[in-house]
Amino acid sequence: MSKANEPELHRSLKNRHVQMIALGGAIGTGLFYGSASSIALAGPSILFTYLVGGAIIFLVMRALGEMSVDHPVSGAFSLYAYEYWSPRAGFVSGWNYWFNYVLVSMAELSVIGLYINYWLPGVPAWVSALVALVVITFINLVSVKAFGEFEFWFAIIKVVAVIGMIVLGAIVVIAGINNSSSLPDPSFTHLWREGGWFPNGFGGAAMALVPVMFSFGGIELIGVTAGEAEDPKRTIPRAINQIVYRILIFYVGSLAVIMSVVPWNRIDGELSPFVQIFDNVGISFAAHILNLVVLTAALSVYNSALYSNGRMLFTLAGQKNAPGFLTRLSSRGAPFAGVMVSSLAGLVSVLVVFLWQEFAFSYLLSVALIAGIINWVMIMITQLKFRAKIGADGVSQLAFKLPGGKVSTVIVLVALGYVVVQMALSPNYRTAIAVGIVWLAVLLGAYEVKKRWGAKAR
């Protein structure tokens, strides 16, 4: 197929879409639901852990942004790995990202039932997951503009809700509102009076970096949108540079308020901490609103997961690293085949929720995290290969550079290596490390089989 005849995605994502997609990617189930496990590990020091994790992911995004602004394409890091590193790296990067987001999809679908059960305890969780899968698949099949609009409003709801929760939570603390006889009155002093800032020591704060990094998973979706953004050279840098203050407001701000309303050691994890704090102080209407918001957040992340996976399969097929039928587009420019295959893979999550509802989220979180770390490591190495290929003159002309250059890359790689070590030391995450090693071996083996099969076919 000639280059001129190759199918192309439509550049239909406006600046407001990209900005809110980026913001939505930073606010998901990892914050709304998974933050309970992070708080249990670190206590109030989780605030510092989020700052450290946020700094790491910001550098990863700047590395990706450097390449995305210079070469804005859908599929982003997979295509960059393919062109600047090797066809093998493109294969591994693309399929690992697809696998990662399939796991993220499963994690999101696994908790949707919990939120629905807050209102309708008799509805089986797997039914909620299946309905969500069907609705979101339909949205993604319509067009990229439909996806962008839905994600825009999903993100608006999350942003308004988190800001509202911070303001309302602060009012609860300042006014001392407390209708629960089993809880102490809300107070900002809970942040240091219940065992200090580091109640579980520095080890607890360090171990919390594992679930914290998961909560940032998916933010690299900004790079995937580059191929369908109307003006990627302007919108991508703006979206990435805003990550820092978003982390300060949405993660550090919200969790500080949560632990001031309800002491960190009284957050049970049975509900989203965002819902529990208002349930416990007797403000039931706020709890209902926040439950709607965390449900929206889960749907939003699944929406983004299906979007990115459809584009990644489209890109892999263009590299000849996936079956050619995955390049098929709908009349409105949506990668129809890629979305459908990714949606069918998501059906596995319905089965997982049906069989292991209580364990699905934490297990899928850990496996998705190791896939995410592989992805981030490959982005950093690809960025080094990219700079080596364009040379010193090309680097000097880059419009959006990674601050610190190679030093930043080394810092990120060391930090991600530390997260892997922490996972290996934890019984809850060791299985994920083993799965990650096996998965990498499968990918490398699959590439060799594909390469030899392709050579024989010629």
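Since we're looking at a predicted model, the values are computed, not measured.
- Residues Gln319 and Pro87 fail the side-chain proximity criterion, which asks for heavy atoms closer than 4.5 Å.
- Contact of the Arg88 side chain with the Leu444 side chain is registered, since non-hydrogen atoms from C-beta on lie closer than 4.5 Å.
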Item to check | Verdict with supporting geometry, Arg62 and Asn241, side-chain contact (heavy atoms from CB on, under 4.5 Å) | outcome: CA-CA 8 Å; Arg62 284 298 298 257; Asn241 284 335; 3.1 Å; yes

Checklist entry - Are Ile57 and Trp376 close enough, and set up right, to give a side-chain contact (heavy atoms from CB on, under 4.5 Å), and what steps lead you there? => result CA-CA 9 Å; Ile57 205 65; Trp376 294 332; 3.5 Å; yes

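- Looking only at distances, a side-chain donor or acceptor of Ser260 sits under 3.5 Å from a matching main-chain atom of Ala256.
- Taking the six-membered ring wherever Trp is involved, the centroid distance between the rings of Phe48 and Phe198 falls below 6.0 Å.
- Gly169 and Val257 make their closest contact through CA-CG1, 3.5 Å (heavy atoms, listed as atom of the first residue, atom of the second, distance).
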Side chains of residues 380-392: which donor-acceptor partners sit under 3.5 Å, not counting sequence neighbours?
{"from": "Thr382", "atom 1": "OG1", "to": "Met378", "atom 2": "O", "distance (Å)": "2.6"}
{"from": "Gln383", "atom 1": "OE1", "to": "Thr409", "atom 2": "OG1", "distance (Å)": "3.3"}
{"from": "Gln383", "atom 1": "NE2", "to": "Glu66", "atom 2": "OE2", "distance (Å)": "2.9"}
{"from": "Arg387", "atom 1": "NE", "to": "Glu66", "atom 2": "OE1", "distance (Å)": "3.4"}
{"from": "Arg387", "atom 1": "NE", "to": "Glu66", "atom 2": "OE2", "distance (Å)": "3.0"}
{"from": "Arg387", "atom 1": "NH2", "to": "Glu66", "atom 2": "OE1", "distance (Å)": "2.7"}
{"from": "Lys389", "atom 1": "NZ", "to": "Glu83", "atom 2": "O", "distance (Å)": "2.9"}

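- Residues Leu299 and Ile112 come closest through the heavy atom pair CD2-CD1, 3.8 Å.
- Listed here is the closest heavy atom pair of Ala208 and Thr49: C-CG2, 3.9 Å.
- Atom CZ of Arg328 is separated from atom CZ of Phe314 by 13.0 Å, given to the nearest 0.5 angstrom.
- In this structure, Thr327 contributes its side chain and Gly324 its backbone to a donor-acceptor pair below 3.5 Å.
- The CG atom of Asn140 sits 9.0 Å away from atom OG of Ser308, with the distance rounded to the nearest 0.5 Å.
- Between the side chains of Asn321 and Trp95, not a single donor N or O lies within less than 3.5 Å of an accepting N or O.
- Checked by atom type and distance alone, the side chain of Arg430 pairs as donor or acceptor with a backbone atom of Ala424 at under 3.5 Å.
- Applying the salt bridge (Lys or Arg N to Asp or Glu O under 4.0 Å) criterion to Glu194, with sequence neighbours excluded, gives no partner residue.
- The shortest heavy-atom contact between Ala63 and Leu402 is N-CD1, 3.9 Å.
- With sequence neighbours left out, the side-chain contact (heavy atoms from CB on, under 4.5 Å) criterion links Ile139 to Val135, Ile136, Phe150, Asn303.
- For the pair Phe400 and Ile240, the minimum side-chain heavy-atom distance is below 4.5 Å.
- Residue pairs meeting the salt bridge (Lys or Arg N to Asp or Glu O under 4.0 Å) criterion with at least one partner in residues 398-424, sequence neighbours excluded, are absent.
- Residues Val69 and Pro237 are in side-chain contact: their nearest non-hydrogen atoms beyond the backbone lie under 4.5 Å apart.
- Residues Pro199 and Ala42 come closest through the heavy atom pair CD-O, 3.6 Å.
- Without hydrogens or angle criteria, Asn100 side chain to Ala371 main chain gives no donor-acceptor distance under 3.5 Å.
- Inter-residue side-chain proximity for Leu51 and Leu47 is flagged as unmet; no heavy-atom pair is nearer than 4.5 Å.
- Taking CZ of Phe152 as the reference point, atom CD1 of Ile156 lies at 4.0 Å (rounded to 0.5 Å).
- Side-chain atoms of Ser426 do not come within 3.5 Å of backbone N or O of Gln422 as any donor-acceptor pair.
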Next on the checklist: side-chain contact (heavy atoms from CB on, under 4.5 Å) for Met423 and Ile373? Distances and angles first, verdict last.
Outcome noted: CA-CA 11 Å; Met423 293 178 71; Ile373 289 174; 4.0 Å; yes

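- Under the 4.5 Å side-chain criterion, counting only non-hydrogen atoms from C-beta, Leu209 is in contact with Tyr418.
- Taking all atoms of both residues into account, the shortest heavy-atom contact from Tyr101 to Tyr97 is CE1-OH, 2.8 Å.
- Under the 4.5 Å side-chain criterion, counting only non-hydrogen atoms from C-beta, Leu141 is in contact with Met340.
- Remark: Trp264 pairs with no residue by the ring-ring contact (aromatic ring centres under 6.0 Å, His included) rule, at least two apart or across chains.
- For CZ of Phe325, the number of neighbouring non-hydrogen atoms (other residues, nucleotides, ligands) closer than 6.0 Å is greater than 12.
- Side-chain contact between Val339 and Leu306 is present, with heavy atoms from C-beta onward closer than 4.5 Å.
- Atom OG of Ser342 sits about 4.5 Å away from atom CG of Leu313, to the nearest 0.5 Å.
- A distance of 5.0 Å separates CE of Met312 from OG of Ser78, quoted to the nearest 0.5 Å.
- The six-membered or imidazole ring of Trp85 lies away from that of Tyr80, with a centre-to-centre distance of 6.0 Å or more.
- Scored by the side-chain hydrogen bond (donor to acceptor under 3.5 Å, both in side chains) test, Ser45 finds no partners at all (sequence neighbours excluded).
- One finds the CG atom of Leu326 at 11.0 Å from the OG1 atom of Thr315 (value rounded to the nearest 0.5 Å).
- In this structure, Phe58 places its CZ atom where more than 12 heavy-atom neighbours from other residues, nucleotides or ligands lie under 6.0 Å away.
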Item to check | Leu398 and Asp70: CA distance, side-chain angles, deciding distance, side-chain contact (heavy atoms from CB on, under 4.5 Å) verdict | outcome: CA-CA 7 Å; Leu398 290 172; Asp70 186 71; 3.8 Å; yes

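- Looking at Ser93, its side chain never comes within 3.5 Å of a backbone N or O of Ala81 through a donor-acceptor pair.
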